[in-house]
Amino acid sequence: MTFFPLPAFNDNYIWITKDDAQKTIWAVDPGDAQVVLDHCRNHEVTLAGILITHHHKDHIGGVAELKAQFSCPVYGPESLSPALVTHPLRQGDCLTVQQTEFMVLETPGHTLDHLCYFAEPAQQDPILLCGDTLFRGGCGRLFEGTPAQMLNAMARLRELPQNTQVYGTHEYTLANYRFALAIDGNNQALIHANNEAQELRDQKRPTLPSSIALETQTNPFMRFDWQEVVAGAAALLNEQPAQDLINGFAQIRRAKDGF
Ligand SMILES: [Zn+2]
């Protein structure tokens, strides 16, 4: 099973996986129907299903039109209207995409309804479809959830197999790394990852997918329990470093928000 990105809007990726025998695709967070419709026409495939991670417009904006055109199942959070989501999901639910079973992880923080999808297909690296929860080098802003919730999400994703391939929705990598380097500038893995990402972007290629191993080593929001990361964020805020993990995580998030 391979996912590849269809660019949408300024910096979104609609991740697609194709079944060559069936000539069908599944789409993750199709915020723009036209991007998916163009792909289907150009490659003579039809849409077999949709996964949604959360309710933001740039993730669901194309769902109604695509569902009407292809009469396909739509899997997503319970918070969304039954008119949009045919299969509402909760923590621990499973669903099958092209013979591969995905497990649902609830990761509130960016929004309260945010879901991630995790799979371990045979003979390949595990897959995490993580929407706006985890980006390469960053995490989603806390529009609805609390720092404690997002910290919990990061801690749980950090426990996934290190070779898990991480498919976030946005190409925010270089901006994320500018911030990460400002608070964690001695991190050699981060310096290396930034150089690699810069080369990819120079060639107009996506910096995704990432991996849990790379995020664990380089992403400041996954390094919330490293004293130097919290101290770096506190310095940007002109504050003392927090003495507990939740307030430390909140400092990293506020430092990024104001960066
Ligand atoms: Zn979002």
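In listed order, ligands and their atoms are each counted from 1. Values below: all heavy atoms of this structure, side chains included; hydrogens, waters and symmetry mates excluded.
Geometry at the Zn ion (ligand 1): NE2/His110 and NE2/His54 form an angle of 100°, nearest 10 degrees.
Nearest N/O/S atom of His56 relative to the Zn ion (ligand 1): this is ND1. Distances from the Zn ion (ligand 1) to the N/O/S atoms of Asp132 are shortest for OD2.
Of all heavy-atom pairs between Cys40 and Ile25, the closest is SG-CD1, 3.8 Å. In plain terms, the two heavy atoms of Ile60 and His55 that are nearest each other are CD1-O, 3.4 Å.
Distances from the Zn ion (ligand 1) show that His114 has no N/O/S atom below 2.8 Å.
Ion pair Arg41/Asp38 flagged as a salt bridge, since at least one NZ, NE, NH1 or NH2 atom sits closer than 4.0 Å to an Asp/Glu carboxylate oxygen.
For the residue pair Thr24 and Thr46, no side-chain donor N or O sits within less than 3.5 Å of a side-chain acceptor on the partner.
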